[in-house]
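Nothing fancy with the numbering, it's 1 onward along the sequence.
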Amino acid sequence: MLRRALPARPEARRILLGTLLSAVGRGLTLPFLFIYLTDVRGLTDARAGLVIGWFGAVTLVLSPLGGTLIDRFGARRVVLPCLVVEAVGTGSLALVDSTASAFGVMTLVAVGSSAIWAGQNTILASLTGDGERQRVFGLNFALLNLGIGVGGLISGAVVDVARPATFQAVYLLDAVSYLTPALILLTLPHVGRRPAMAADAGDAAPAAGGYLAVLRDRPFRRLVVFGLVLTTCGYAQIEVGFAAYSVRVVEVTPRVVAWALAANTVMIVLSQLLVLRRLEGRSRTGALAAVGAVFAVAWLVLGAAGVVGGGNALLAALGVVACSAIFGFGETMLSPIMPALTNALATDELRGRYNAMSSMIFGISGVVGPVTAGPLIGAAGGRVWVAVVVGGCLAASLLALSLRPLLSTAQDGRPTPTPTPTPHLTPTT
């Protein structure tokens, strides 16, 4: 299964290696930003939520510009400087000592990250064919989570809120990790450049239609709405809602949160290739609907752990870990489908903009999720938050099913039916 999932071109394989190496650094810090800002740097819950939400807002504002630059100059010229800026910003988090400095540093991080997702997806799409693209995007996600899991295990054993230097060390290591994909890309001078047809038209020639053409694409608009609902009630809650609910309501330690994210990674790494195989030839919209249902189940399990709370510490901790593992199974279906469907709808001239709008989904949810998680968790012992995220995930499932009639059979990933040949009848005399 691994051999089948690997891309045919060696350049794409090296890009995937960069994903794995940089993800280890990301895993060192992913679950702890909210805890770091509040319990180590002394920011209030509300201010920390605003800082993280500000990151999403800046990313959201800059993502359309990133997509335009990718289409105009090529993903290479955009991704390389963004990786360097991201490294500088992430390393600077180690020096944060106030609300103002946190806002400043997160602004820098947002500038760097605003075009990386769209640029890297555009590069991978340019190096893979339609037949292998879904598998490669799934493998890319599995490697991403493998790296995050390794980093999470390391940081879970090292970080200590009583020793701020441990947090500073992991942020500096995270900064270094962002330079590895940049170095790999530098060794591939012909990767990530503009398509030949666009380059022949001249550097100043804008892609036909620009974002207006993307917004006129009705199936893609529906996909974006689905993504907004799902990520706001799913991914956007992992860094703030999940961690805060687990520590404040379920009353587990940050180390249990780290182990929960490790369980998430184990689930993804062990099941991703199998899920990729099972998804082949099946409806992509059906798989997206299943993702919403799986996410809803994960949050219900976490809500049950909150009911148990401190009454049974072991059972509560198991609930937190189980939530993260179930969530990971949903991710194994979402990770190959979402980018593959985005690029199936995109044209070569507008591929950067399509991927940028897809990444904007995370920017918007990154604003709404962190800002609302704190107040919702504080209401009715966290029950309001659980009800909202579960209901949102189920609503996303309905949106996914409404997308199917708008797609062709090929775009939905279903096999094209082979016409039955009409038998030739020889007239008799």
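- Using a distance-only test at 3.5 Å, with no hydrogens or angles considered, a donor-acceptor pair links the side chain of Arg76 to the main chain of Leu188.
- Residues Leu398 and Leu394 have side chains not in contact (no heavy-atom distance under 4.5 Å, counting atoms from C-beta outward).
- Between the Asn264 side chain and the Ser324 main chain, a donor and an acceptor come within less than 3.5 Å of each other.
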Take Thr265 and Val150 through the test side chain to side chain contact (heavy atoms under 4.5 Å, CB included) and record every step on the way to the result.
CA-CA 8 Å; Thr265 298; Val150 171; over 6 Å; no
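- Looking only at distances, no side-chain donor or acceptor of Arg353 sits under 3.5 Å from a matching main-chain atom of Gly210.
- For the residue pair Asn140 / Gln120, no side-chain donor-acceptor distance below 3.5 Å is found, with atom types taken as modelled.
- Going from atom CD1 of Ile52 over to atom CZ of Phe34 covers 6.5 Å, rounded to the nearest 0.5 Å.
- The minimum heavy-atom distance linking Ala75 with Gly119 is given by the pair CB-O, 3.7 Å.
- The nearest pair of heavy atoms linking Ala142 to Ile268 is CA-CG2, 4.0 Å.
- By the 4.5 Å heavy-atom criterion applied to side chains, Leu83 and Leu179 are not counted as neighbours.
- Looking only at side-chain heavy atoms (C-beta outward), Val294 and Ile326 come within less than 4.5 Å of each other.
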Derivation of the side chain to side chain contact (heavy atoms under 4.5 Å, CB included) call for Leu302 and Val386
CA-CA 8 Å; Leu302 185 65; Val386 173; over 6 Å; no
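- The distance from the CH2 atom of Trp117 to the OG atom of Ser359 is 8.5 Å, given to the nearest 0.5 Å.
- In this structure a side-chain-to-backbone donor-acceptor pair under 3.5 Å is present from Arg133 to Ala125.
- For the pair Tyr235 and Glu331, the minimum side-chain heavy-atom distance is below 4.5 Å.
- Formation of a donor-acceptor pair under 3.5 Å by the Glu86 side chain with backbone atoms of Ser113 is found in this model.
- The structure places OG of Ser101 at 9.5 Å from CG of Leu93, a figure rounded to the nearest 0.5 Å.
- Of the possible polar contacts, none joining the Thr180 side chain to the Val176 backbone as a donor-acceptor pair under 3.5 Å is found.
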Starting from the C-alpha separation in whole Å, work towards a yes-or-no answer on side chain to side chain contact (heavy atoms under 4.5 Å, CB included) for Val257 and Phe242.
CA-CA 9 Å; Val257 175; Phe242 172 73; 4.1 Å; yes
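- No donor-acceptor contact under 3.5 angstrom links the side chains of Gln237 and Trp299, judged on distance only.
- Residues Phe167 and Val40 share a closest heavy-atom pair of CE1-CG2, 3.6 Å.
- Side chain to side chain, Asp174 and Thr29 meet the donor-acceptor criterion of an N or O pair below 3.5 Å.
- Looking only at side-chain heavy atoms (C-beta outward), Arg351 and Ser126 stay at 4.5 Å or farther from each other.
- Minimum heavy-atom separation, Cys393 to Cys233: SG-O, 3.6 Å.
- A donor-acceptor contact shorter than 3.5 Å is absent between the side chain of Arg135 and the backbone of Leu276.
- Side-chain N or O atoms of Thr90 include none that pairs as donor or acceptor with a backbone N or O of Ala87 at under 3.5 Å.
- Taking OG from Ser155 and CD1 from Ile148, the interatomic distance works out to 11.0 Å, rounded to the nearest 0.5 Å.
- Taking all atoms of both residues into account, the shortest heavy-atom contact from Val249 to Gly306 is CG1-CA, 4.2 Å.
- No more than 12 heavy atoms of other residues, nucleotides or ligands shown are found within 6.0 angstrom of CZ on Arg383.
- Checked by atom type, the side-chain pair Asp160/Thr166 shows no donor-acceptor distance below 3.5 Å.
- Contacts of Arg14 classified as side chain to side chain donor-acceptor pair (under 3.5 Å), with partners at least two apart in sequence or in another chain: Thr187.
- When every heavy atom of Gly147 is checked against every heavy atom of Leu20, the shortest pair comes out as N-CD1, 3.8 Å.
- Counting heavy atoms from C-beta outward, Leu403 and Leu341 have side chains that approach closer than 4.5 Å.
- Counting heavy atoms from C-beta outward, Val389 and Phe295 have side chains that stay 4.5 Å or more apart.
- For Arg255, there are no side chain to side chain donor-acceptor pair (under 3.5 Å) partners, not counting sequence neighbours.
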Could you go through the ring pair (Phe, Tyr, Trp, His ring centres under 6.0 Å) check for Tyr36 and Tyr171 one step at a time?
CA-CA 11 Å; Tyr36 172 66; Tyr171 278 111; 5.0 Å; yes
Going through the checks in order, is the side chain to side chain contact (heavy atoms under 4.5 Å, CB included) test met by Leu223 and Met338?
CA-CA 8 Å; Leu223 180 65; Met338 195 75 176; 3.7 Å; yes
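- Applying the salt bridge (charged side-chain N to carboxylate O under 4.0 Å, His left out) test to pairs two or more places apart or on separate chains, none has a residue in residues 213-222.
- Counting heavy atoms of neighbouring residues, nucleotides and ligands inside a 6.0 Å radius, atom CZ of Arg47 does not exceed 12 of them.
- Atom CG of Asp71 is separated from atom CD of Glu349 by 9.0 Å, given to the nearest 0.5 angstrom.
- Side-chain atoms of Arg282 come within 3.5 Å of backbone N or O of Arg278 as a donor-acceptor pair.
- Atom CG of Leu345 and atom CD of Gln411 lie 5.0 Å apart (nearest 0.5 Å).
- Side-chain atoms of Val291 and Ile337, non-hydrogen and from C-beta on, never get closer than 4.5 Å to each other.
- Side-chain atoms of Asp45 and Thr38 include no donor-acceptor pair closer than 3.5 Å.
- The closest donor-acceptor contact from the side chain of Ser63 to the backbone of Met360 lies at 3.5 Å or more, if one exists at all.
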